[in-house]
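Each remark here refers to the structure printed beneath this line.
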Amino acid sequence: MSEAESQGAEDALIAARRDKVARSRAAGRDPYANDVRAEARTSLAALRAAFAPAREAGEAERYQPEQVERLGEGRSYLVVGRLMARRGFGKASFLRLRDGSGELQLFAKLDVLGEDFERLSELDLGDHVEARGGVMVTKTGELSLQLTALRLLGKALRPLPDKWHGLTDVDQRYRRRYVDFVATPEAAGVLRARSIIVQGLRAFLDERGFLEVETPTLHTLVGGAAAKPFRTHHNALDLDLFLRIAPELYLKRLLVGGFERVYEIGRCYRNEGISTRHNPEFSMLEYYQAYATYETLLAQTEALLRSVDAHLGARLEALGQGADYQRWLEARPFSLAEPFARLDMREAVLSGLGRAALPAALLEELPSLALGAGATPTPEQLAAGQRVEQLARTSERSRRVDWGNLRRALVAAESSGERLFLAYEFFVEPFLAEDYRTSDGAKSLPVFILNYPFEVSPLARRKDADPSLTDRFELFVHGRELCNAFSELNDPDDQAARFRDQVAKKARGADETMDYDADYVRALEHGMPPAAGFGLGVDRLTMMLTSQPSIRDVIAFPLLRPETE
RNA sequence: GGGUCGAUAGCUCAGUCGGUUAGAGCUGCGGAUUUUUAAUCCGUAGGUCCAGGGUUCGAGUCCCUGUCGACCCA
């Protein structure tokens, strides 16, 4: 970039910083020096920890000068980081330094710092610097480093956002996440929490003898979930491929291969809308456990979530982010502390209808309520419309049911199983958070929904007692789906029939169906041990545990429409 | 896809009923200040008011279209 291009206010700010770079260079100092003796460096958190004994009880950030002096023993410390604030007083100056572990005040005095003091004018907020000095306490009791040396390590040519308000434009926050993480400490904290959550998931499974594996993300077929895929192409093989929508079918091939416990944490891709709960690429945990049933996984799911949450709380506390965790914990509308509720889907629907003062027989009546197409409504369609209006008036809760979308969805429902599932989605799921509460009523209780119809569960094992249902559950936390688990279907003939149903559905126009995976059926024909499998959305789990309103807050670089210029 | 709200300096925001040269704080630059905590004080620079069209003597402001974003609904 040439200097001649500069124009406008932003460029003037950048030009001023470039001038300082030139001044540094002219004086023989490298504005991008890379010769920090890292082994001599003390992190700001470590430095604070070393002087913690001098902290005054009660007063969080006041230190006793004599004790600090004794602990310091005249030692000199080397610290590095980004300059976050500066308050100048002529022949003295206060600077705020931030590194990856925390922050510390630097105190520069002309008579102590010497000639480096003049170079303060070459520094800007945002610059990376190296500082050296002894630890002392200022008049207000703040732990500080009294500088004996200070130099630039990496010039920031662009200014940081407003030091008090930070970056508030939501679009700018997600577009310039590197600025957001500097300007919004909580945003950085959420990313740290995410890493800890993933560690917690791994630790839980590793302790139980699971093997972490990686399976293909480039698939030749669509399978493992109901979703629209991204398409891509391999040139050398001239092969059309899909980005995976789920790892399920490969993980179960590993069960056939003799691995009894496997898991994968990885990216999946779904070519669907973007919302506060959906990003086109997202992370899923799936694990498969031979000789387990979905009932085994019920208890294991509660244990997993509590274990991860405990791990998160403990690690954040250790990192000095305990206040963040406490704030997130209080903000949660749900609690993991009490045993989760367990509901059979059909019973949940009947109970949901009852709570809305709707007749149980409505389940059988649903097909006639489907929204008809066509310009002029038939008498049947008019009757259906009147019937829905009547039903919607039966109770306050019935009024809150999304009848319009239920009627639209019913058009595509081809079986009583699909209609049961729709009834669950419209009469039960929206009310889970208010209907199932902790014993004190303060928070919602996570709810397991059990026994899904086989038509909406093409990879799950049928129930022995009722083959129209499957050994499957989903976990809803505050009304939002978090986990999906079932006993695996290992009968190759049944699986082949389910695939054929999926293909037939696609032929009838459904767009979120699976392809027939002949290799997977062949794998089952070689024999898959009885097993249960589990899936969990890592992004959603992170949102829940850190009380973040948007999935974009838990993803480092969420997908955005490209900037236009 | 529909509705509501929004877009003004690098950042955070004002801008009255349509009226003269669009303001403030932070950041920057110059100055004062050797214990500050969003330091303070003085001075100064910084604008295609999202884009295009329209109404008007006159538009940041009113109208239309578009772009982008947020939220809600689907």
Side-chain angles (χ1 to χ4, degrees), chain A residues 6-21 23 59-63 65 68 83-98 103-114 117-118 120-127 133 135-147 155-176 178-180 182-185 272-278 371 400-409 411 425-426 430 549-553 558-565:
Chain A
S6 43
Q7 50 180 327
E10 180 172 29
D11 292 312
L13 294 180
I14 292 172
R17 292 180 177 220
R18 285 190 186 280
D19 283 347
K20 295 178 188 177
V21 167
R23 264 189 277 157
E59 303 272 355
E61 286 310 317
R62 282 187 75 94
Y63 289 77
V68 165
L83 224 42
M84 297 305 293
R86 168 162 56 183
R87 294 177 286 276
F89 282 82
K91 300 189 179 69
S93 199
F94 296 92
L95 308 168
R96 186 136 202 100
L97 187 72
R98 179 195 290 176
E103 297 192 356
L104 186 74
Q105 175 166 275
L106 309 179
F107 182 39
K109 264 167 79 172
L110 175 61
D111 51 13
V112 179
L113 183 51
F117 192 87
E118 295 157 37
L120 274 172
S121 65
E122 281 171 25
L123 296 179
D124 287 291
L125 298 187
D127 286 356
V135 175
M136 48 89 74
V137 178
T138 62
K139 201 165 77 179
T140 56
E142 179 163 352
L143 194 70
S144 308
L145 198 71
Q146 173 134 24
L147 298 186
K155 189 67 188 175
L157 291 177
R158 290 175 183 271
L160 289 171
D162 188 292
K163 65 184 171 190
W164 186 242
H165 301 95
L167 204 55
T168 60
D169 184 311
V170 181
D171 186 54
Q172 286 301 310
R173 283 190 49 211
Y174 296 135
R175 281 193 194 285
R176 304 201 190 166
Y178 38 84
V179 176
D180 189 30
V182 174
T184 318
E272 293 162 7
I274 295 177
S275 78
T276 49
R277 289 186 300 281
H278 300 88
L371 194 69
R400 289 162 54 204
V401 170
D402 186 352
W403 291 96
N405 278 317
L406 169 60
R407 297 185 69 197
R408 269 184 280 279
V411 177
E425 283 191 308
F426 285 85
S550 169
I551 195 168
R552 289 178 169 180
D553 295 316
L559 182 68
L560 301 169
R561 191 186 302 272
E563 274 181 282
T564 49
E565 233 172 313

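Excluded from the calculations below are hydrogen atoms, water molecules and symmetry mates; all remaining heavy atoms, backbone and side chain alike, are included. Protein chains get the first letters and strands the later ones, always in sequence-line order, with residue 1 at the start of each.
Rounded to the nearest Å, the gap between the C1' atom of B/rG19 and that of B/rC62 is 14 Å. Across the P atoms, B/rA39 and B/rC26 are found 10 Å apart, a figure rounded to whole Å. The same atom, C1', is picked in B/rG31 and in B/rC11; the two are 25 Å apart, to the nearest Å. Between B/rU27 and B/rC73, the two P atoms lie 41 Å apart (nearest whole Å). Here, B/rC63 and B/rG25 have their C1' atoms 34 Å apart, quoted to the whole Å. The same atom, C1', is picked in B/rA7 and in B/rC49; the two are 10 Å apart, to the nearest Å. Only the P atoms considered, B/rU61 is 16 Å distant from B/rU56, to the nearest whole Å. Rounded to whole Å, the separation between the C1' atoms of B/rG47 and B/rC13 comes to 15 Å.
Between the CG atom of A/Leu143 and the OG1 atom of A/Thr138 there is a distance of 9.0 Å, given to the nearest 0.5 Å.
The interatomic distance linking A/Ile14 (CD1) with B/rC29 (P) rounds to 13 Å, in whole Å. For the pair A/Gln172 CD and B/rU12 C1', the interatomic distance rounds to 13 Å; values are reported in whole Å. Between the C1' atom of B/rU67 and the CG atom of A/Leu560 lies a distance of 16 Å, rounded to the nearest Å. We find that CZ of A/Arg173 is positioned 11 Å from P of B/rU12, with the value rounded to whole Å.
Judged by distance alone, with hydrogens and angles left aside, the side-chain atoms of A/Arg173 form no donor-acceptor pair with the main-chain N or O of A/Thr184 at under 3.5 Å. Distance alone, capped at 3.5 Å, places no donor-acceptor pair between the A/Arg86 side chain and the A/Leu125 backbone. Judged purely by atom type and a 3.5 angstrom limit, A/Arg98 uses its side chain to pair as donor or acceptor with the backbone of A/Val182. Not one N or O on the side chain of A/Asp127 forms a donor-acceptor pair closer than 3.5 Å with the backbone of A/Lys155. For A/Ser144 (side chain) and A/Gln146 (main-chain N/O), no donor-acceptor pair under 3.5 Å exists by modelled atom type.
OP1 or OP2 of B/rC11 has not a single side-chain nitrogen or oxygen of A/Lys163 nearer than 4.0 Å. Listed pair A/Thr168 / B/rC13 meets the phosphate criterion, a side-chain N or O lying under 4.0 Å from OP1 or OP2. Close to B/rU36, at under 4.0 Å from its OP1 or OP2, lies no side-chain N or O of A/Arg87. For the pair A/Lys139 and B/rA39, the criterion of a side-chain N or O lying under 4.0 Å from OP1 or OP2 is not met.
The side-chain heavy atoms of A/Ile14 and A/Arg158, taken from C-beta on, include a pair separated by under 4.5 Å. Using a 4.5 Å cut-off on side-chain heavy atoms (C-beta onward), A/Arg408 and A/Asp402 make no contact.
Stacking between A/Phe89 and the base of B/rU34 is absent under the criterion of ring centres within 5.5 Å and planes under 30 degrees.
Remark: the A/Glu142 side chain and the B/rU35 base include no donor-acceptor N/O pair separated by less than 3.5 Å.
Sequence order on RNA chain B of the closest nucleotides to A/Ala92 and A/Ser121 puts A/Ser121 first from the 5' end. Residues A/Asp124 and A/Met136 each lie close to RNA chain B; by heavy-atom proximity, the contact nearer the 5' end of the strand is made by A/Asp124.
A/Asp111 comes within contact range of at least one nucleobase, with a heavy-atom separation under 4.0 Å. Using a 4.0 Å heavy-atom criterion, one finds that A/Ser144 contacts no nucleic acid atom at all. As judged by a 4.0 angstrom heavy-atom cut-off over every strand, A/Gly404 is placed among residues making no nucleic acid contact. Note on A/Arg96: nothing from the nucleic acid sits closer than 4.0 angstrom, heavy atoms only. If you check every strand for non-hydrogen atoms under 4.0 Å, A/Arg552 touches sugar and phosphate atoms only. Contact annotation for A/Leu167: backbone-only contact, meaning every heavy-atom pair under 4.0 Å involves sugar-phosphate atoms and none involves a base.
The aromatic rings of A/Phe107 and A/Phe94 sit parallel to each other, their planes meeting at less than 30°, with 60° as the upper class boundary.
Closest contact between the side chain of A/Thr138 and the listed nucleotides B/rU35, B/rC71, B/rG69 involves B/rU35. Distances were taken from every side-chain heavy atom of A/Arg17 (C-beta onward) to each of B/rU36, B/rC29, B/rU27; the shortest belongs to B/rU27.
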Between protein and nucleic acid, restricted to nucleotides 23-25 of chain B and to nitrogen or oxygen atoms under 3.5 Å apart, what atom pairs and distances do you find?
residue, atom, partner, partner atom, Å
B/rG25, N2, A/Asp162, OD2, 2.6

